[in-house]
Amino acid sequence: MIRGAIAALSLGSAVLLIGWILPRPETDLRPWAFALGPAPMIAAALAALWPRKRLDRAAALDARLSFGDRIATAWAYRRSERAIARLQRNDTISRLGQREAHTDLRWKAARAELIILGVCGAVFAVLLVAPSPQQGVLDRQTAEQAAVTQASERLDVLREEAIANPALTADQARQLNELLQQAQAELNRSHTQQEATSALARAQDRVAQQLADPNADLRNQALAAMSDTLAAEPRTQALADALQNDDARAASEAIKELAAQADQLSDVERQALSRALQRAANVGRSDPRTASALREAAQALGSPSSASSSQEALSAADAALSEAIQASRGQASVSLALQRLHNLQAQLAADSPLRADAVPPSGERDSGTTGLPVGTAVALDAAGGQQQLREPVSDETRGAGFGTAGLSGGSAADQQAAQPAENVFVPGRESNGPSSQELVDQPFTVRGQPRPYRDVLSQYAASSRDYIDRPDVSPAVRDLVKQYFQSLEEGQ
Amino acid sequence: MADLTTTSDVDAAEIADFIQRARDIEAEVKKVIVGQHDTVRQVLIALFAGGHVLLEGVPGLGKTLLVRTLGDVLSLRFSRIQFTPDLMPADIVGTTIVSEDLDGRRTLRFQAGPVFANIVLADEINRATPKTQSALLEAMQEQTVSVGESTRPLPRPFFVLATQNPLEMEGTYPLPEAQLDRFLFKIHVPFPRHADLEDIVRRTIRPENTAQPLPRADADDVLRMLRVAREVVIAPHLVTYAVRLILATHPHETQAPPAVRQYVRHGASPRGLQALVAGAQVRALLEDRFNVSREDLHAVAPPALRHRLILGFEAQADGVTPDRVVSDVLSVVPFPRP
């Protein structure tokens, strides 16, 4: 039984020792240690009670009585009739008669076994009481798991809010819902912060690949430029405001108002309106469909054609603008969802407590364009660093423009949370950006005084040639700009 | 294993006589030999087991006196042969000579050598040439002597007690392994302790204080004692244990301890097992026991095995003795469960 107890304590200690070597919770191992302990005890009891051969028991008695193997030999030769065997048996019986069972066969534990038992008990107690050196690892794992769980909950909230955004089309909402649900499933399967971060990164990639429109930047730029241009003409001021605010309904109403007024305008006024629309179409060439519709509307207004053709052209322009605005708002929503995913990933990676929809500090952002949502407008300065694109804007468009960190179009809480971190600009929407912007010192930009483009076209062209000769401008952009000014000059 | 139920003609009286006579013989020898109790006991064990003894010790420890005293106590014919390099085999076994009878007729007659005795003391046996040493081989093993075409039996009982000096190795011929194996025991005769030396001095100064040994047995008694000793019972698991001990002296056996694997070239022969068991049987009787115990096996293992272990050069370099190897074997080999 002592050996059984030694085995039980050793087994229990081995089980507890697992918690000192591997990051296993001690609370899980202790029940096992206590559950496995009785097994060796039972085995030892069974071994002790198991019937043994009599010769074996005789030998054990010889050892305990220091009998010189008399008993075992007597038992082995119990049927022998040799004189010496009889003598040996008689001698054994005679000597056994001189012994007392209660004194000579008293149970006495071996000192070595008792010492080993004590040592095993001490080791078991130490392992049971002392905290495991793996506790730090376990705490970290628990914290990571809690962070992953929290991130999963945040992702669920993010998903519900994102798909509830009315700016998304039904198809976009469905796809975004599926992608974010897939991301959440991966997140739930994650055991470490690193796995969760990777899952979020993959989710961002999938959302960007499936939902982000590669032409969104150009469209946004076109709409912003159209808004700026149309703001210069009083009759298209309402349309400019609608474009500025990404308000498709207001834009539609403004165009309808223009259509209603078109028949009552004088030729000069119609020409002015036509030129305004033509200028807007010109500056909005990066969105070909909208620009084309505006150009046709401008031509219809400018030509002495029938009123019905003007109405049709303006109706087509209305449809194109509405679609562009809707697409822009949808992309803004997608970008917002991407931005929030990115924030979630950054916070998880930084091992910081998760904050609802918080934008990470700018220092945690990637220095390049990596990690930015697709469609983010980024301008590169001469040194290759990111800088905000400089555009001549009016006072009414304060704070609007193209930011370096993607598009922000979320709630006021989102923008407030983002405020200490980084200014995020959404085209056509007022943000908390700077109230004024530094104007590029160019001779053809005179604030508040629009001039016909024919007067400044040559200057624009020269300036653009100077700009696109810079080494950091890609050949594709260079060709596009050249073709643009070439077509303008040819049209002139 | 021997049949445990066979009957023999040894009766209880003979067994009791053995025990009593052995005690008397040992007491008589100890009257003359001062100290050396273990040596005397081991020599008696070897004699009653029917084996020959090789006594090894420095000169002056009483080896020759011990053998001579045994001859006196046992009333046996004793002869001493001083082995020298020029000793010839015929000097030991005898030779055929031409003799003339009273009628003047000349006949060939065998002149028996000193080996024709009950107890032969081969003093400093390692000083004779191997040829002469080998003359003892047949006598020791077969207890016969072949001269010419005739083979003559030696008187029974026949014991050879050889001595050799472990120090003076120059001009000696170490006994070959085959001849060593024929000795039942190789007994180390230790240097006497302080008290024993004082007793030796007292007896030297006043020789009248030295008691003369009395004869306690004759040849017939010794032969009967030899027969009785073989009857001592040994349990099967002890036979197994003895076999394990022998196997453990072989370096290639799995149960061999590390010392054996490292230092031993060849282990003990089956004769070693016989010597172990036979010696243990006699010791059991001398200990008033009628069965062999593991203590008997342990006690006789060193003299029975030490000259049967052939050690390698590494043992010589490390100063490892056969006794240390035997001790390792005894401590490592587990006692079998019956």
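A, B, ... follow the sequence lines: proteins, then strands. Residue 1 opens every chain. Please read these numbers as outputs of a predicted model, since none were measured by experiment.
No more than 12 heavy atoms of other residues, nucleotides or ligands lie within 6.0 Å of CZ in B/R193, so this atom counts as exposed by the packing criterion. By the neighbour-count criterion of 12 heavy atoms within 6.0 Å, atom NZ of A/K53 is sparsely surrounded, having that number or fewer from other residues, nucleotides or ligands. The local environment of CZ in B/R230 is sparse, with at most 12 non-hydrogen atoms from other residues, nucleotides or ligands closer than 6.0 Å. Under a cut-off of 6.0 angstrom, the local environment of CZ in B/R244 is crowded, with over 12 non-hydrogen atoms contributed by other residues, nucleotides or ligands. By the neighbour-count criterion of 12 heavy atoms within 6.0 Å, atom CH2 of A/W20 is densely surrounded, having more than that number from other residues, nucleotides or ligands. No more than 12 heavy atoms of other residues, nucleotides or ligands sit less than 6.0 Å from atom CZ of A/R54. For CD of B/Q255, the number of neighbouring non-hydrogen atoms (other residues, nucleotides, ligands) closer than 6.0 Å is greater than 12.
When all heavy atoms of B/P236 and A/A76 are compared, the pair lying nearest together is CD-CB, 3.6 Å. Between B/E231 and A/R82, the shortest heavy-atom contact is O-NH2, 2.8 Å.
Between the CZ atom of B/F290 and the CG atom of A/N90 there is a distance of 9.0 Å, given to the nearest 0.5 Å. Once rounded to the nearest 0.5 Å, the distance linking CD1 of B/I234 with CD of A/Q88 reads 12.0 Å.
Of all the listed residues (B/H237, B/R294, B/E287), the one sharing the greatest number of non-hydrogen pairs under 4.5 Å with chain A is B/R294. Chosen from A/D62, A/I84, A/T92, the residue pairing most often with chain B at heavy-atom distances under 4.5 Å is A/I84.
Residue A/D91 touches chain B through its side chain alone, counting heavy-atom pairs closer than 4.5 Å. Looking at A/R57, neither its backbone nor its side chain comes within 4.5 Å of chain B, counting heavy atoms on both sides. In this structure, chain A has a heavy atom under 4.5 Å from the backbone of B/V292, while its side chain stays farther away.
A/D69 contributes no side-chain N or O that, together with a main-chain N or O of B/N291, makes up a donor-acceptor pair within less than 3.5 Å.
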